[in-house]
Amino acid sequence: MAVALVLVAAGVSLGLWAASDGDGGSTGTEARPSQGRTAAAPRGTSPESSPSPSRSYALSKAPQTIPAVRDHEPARGPGWRPESGNRVVVDDAALADEGRLVAGELGLTYAGEKGDRRAGDLRLALGGDKKANPESYVMTVRDGRAEITGPADAGVFYGTRTLKQETHDGGTAPEGVVRDEPAKPVRGFMLDIARKNFTADWIEDRIRELGDLKFNQLGLHFSDDQGFRIESDSHPEIVSQEHLTKAQVRKIVDLAESRHIAVVPEIDSPGHLGAVIDAHPDLQLRTAQGSAVQGAIDISKAESAEIVDDLLNEYADLFPGRPWHLGADEYQALVRSDPEAAFPQLAAAAQKKYGSGATVADLTTGWLNDRAATVREHGRTPRAWNDGFFRGGSVQADKDIQVAYWTGKEIGAREPLEYLEAGRKVINYNDEFLYYVLGEPQTFVYPTGQRIYEQWTPLVLRGTTAVPERYNGQILGGSFAVWCDLANAQTQDQVAAGIRMPLRATVQKLWDPDRPELSWAEFRALADRLG
């Protein structure tokens, strides 16, 4: 049986010990079980047979953090807190960045690689099972020292985030051992900077927030009908007046890398290219009657592929992470009842490239595969929105293109099971829970952290219904998304405030999708206490 835990009494700082009375019992009032699981008692023992608390220290409580640690082995002792003069030391030069960061945050001295051990040390180390999850870590608080060990620097970094939360505002990291790892490898936040210009400083603030919460991806949707928001050398004519310079983007990427966050660029195509088309009107898709189609590029023209590939190749040097979002959603040619009749040039191009029976959907899938090939040459892993994948046809989307599943509301909607049964990897962007759409157009409402916390899990890909557990391994994780359909509906500050609790709820369920041990009210109070 696991050792039962109790919440720290109201008003007591995070991780502080309950005082003991004469027989070693805690004077704190027992409450509902605390956040975080405790390790099982060693074999051959039981909680009842464990030693009584010493006259000085009660058995430690599990840390309270967001996301919650997944396992805590309690112990008796004073715990650890940062004090002036304490050192941060590393056992490998590869952890210097993590060491310097946490030393600065906690007001400690970064001492570099040291083999000696001193009272008050925080030691960061690489080690353990090399086959373990690279984002896992073990944090041991014992004998007045703290040590964080992981198989890779990412896991060690996440351990420092746990420690930072535990010691927030004078708190103490509890004695014992934390063993922690995320359930999902993709824990993302996507930001639409194409429709609304967000400042570099605001984005950097979000990166710091995301890093402390153990998110590991930041998506930037920077090209759409309303704007193209990053400086371009290959096609400067398409760039909006308000945009990020490449120097600003490099600073954003560097900051994200220091927090083990991959920045995922998205140049959506062949739809949502209005900003490109404004500078190249000859590339706009037109019907047989000559009517222009908003945001859609004519994929029968070689020049269309050339300009998009120019951009993909150019930005590959700017964004060094592996994931790359190709968009592929809402190509307006395919919302017509008879795309071949409405767009004879597309039908002709499809038949020329893929044979007499090929359709406009085949040509569109071929476009997606060609763009995937472009980013693949740079070592990137492509992903696309689920409505960019089509049933049947003579051309199928490449197997390595991950499905960013956001909605089942589009024409001809496909259930998530179709993608999973085909063996595809899926990332959960469920618009029922994870879409924060400015101005709440159409049927969108601002998502609440409580609803995500209490009702959503990564298995809930569409609507409110979960897919079978057997597909859990194919669901890589999820991403909370901010879309700026009505860009002026909220200021940057209002967006930051509005997404604060939804972000915390989302990462809690991506780190550990099981039912949380804290109630929503307790979780919200914890978030307020941690800042």
Decide whether N313 and H378 meet the rule of one side-chain donor and one side-chain acceptor closer than 3.5 Å.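 Yes, side-chain donor-acceptor contact under 3.5 Å.
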Is it the case that the side chains of Y158 and S136 hold a donor-acceptor pair, with the cut-off being a distance below 3.5 Å and no angle test?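 S136 vs Y158: no donor-acceptor pair found between side chains.
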With rounding to the nearest 0.5 angstrom, report the CG to CG distance, L244 to L220.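 One gets 8.0 Å once the value is rounded to the nearest 0.5 Å.
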Once you round to the nearest 0.5 Å, how far does NE2 of H168 lie from CD of E105?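 Here the interatomic distance stands at 12.5 Å.
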With a 4.0 Å cut-off, would you call [X] and [Y] a salt bridge?
| X | Y | answer |
| --- | --- | --- |
| D400 | R380 | no |
| R515 | E454 | no |
| R70 | D512 | yes |
| E522 | R529 | no |
| K246 | E314 | yes |
| D254 | K251 | no |
| R451 | E432 | yes |
| R371 | D309 | yes |
| R462 | E415 | yes |
| R504 | E209 | yes |

For D180 and A68, the nearest pair of non-hydrogen atoms, with its separation, is OD1-O, 4.2 Å
What about [X] and [Y], are their ring centers closer than 6.0 Å?
| X | Y | value |
| --- | --- | --- |
| Y435 | W406 | yes |
| Y405 | Y429 | no |
| W324 | Y315 | no |

[Y] and [X], any side-chain heavy atoms less than 4.5 Å apart:
| X | Y | value |
| --- | --- | --- |
| V426 | Q474 | no |
| E135 | R187 | yes |
| V89 | Y110 | no |

Do K184 and W511 form a cation-pi contact, if we require the NZ or CZ to be under 6.0 Å from the six-membered ring centre and within 45 degrees of the ring's axis? no
Determine whether more than 12 heavy atoms belonging to other residues, nucleotides or ligands lie under 6.0 Å from atom CZ of R208.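 Yes, the 6.0 Å shell around CZ holds more than 12 heavy atoms from other groups.
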Is the number of heavy atoms from other residues, nucleotides or ligands under 6.0 Å of K131 NZ greater than 12?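 Result for NZ/K131: open.
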Mind telling me whether H325 and W385 have parallel, tilted or perpendicular rings, with 30° and 60° as the class edges? tilted
R524 backbone acceptor or donor facing W520 side chain under 3.5 Å: no
Determine whether a donor-acceptor pair (N or O, by modelled atom type, separation under 3.5 Å) exists between the side chain of N386 and the backbone of R414.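 Side chain of N386 to backbone of R414: no pair is present.
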With sequence neighbours excluded, what pairs up with R259 under the salt bridge (Lys or Arg N to Asp or Glu O under 4.0 Å) test? none
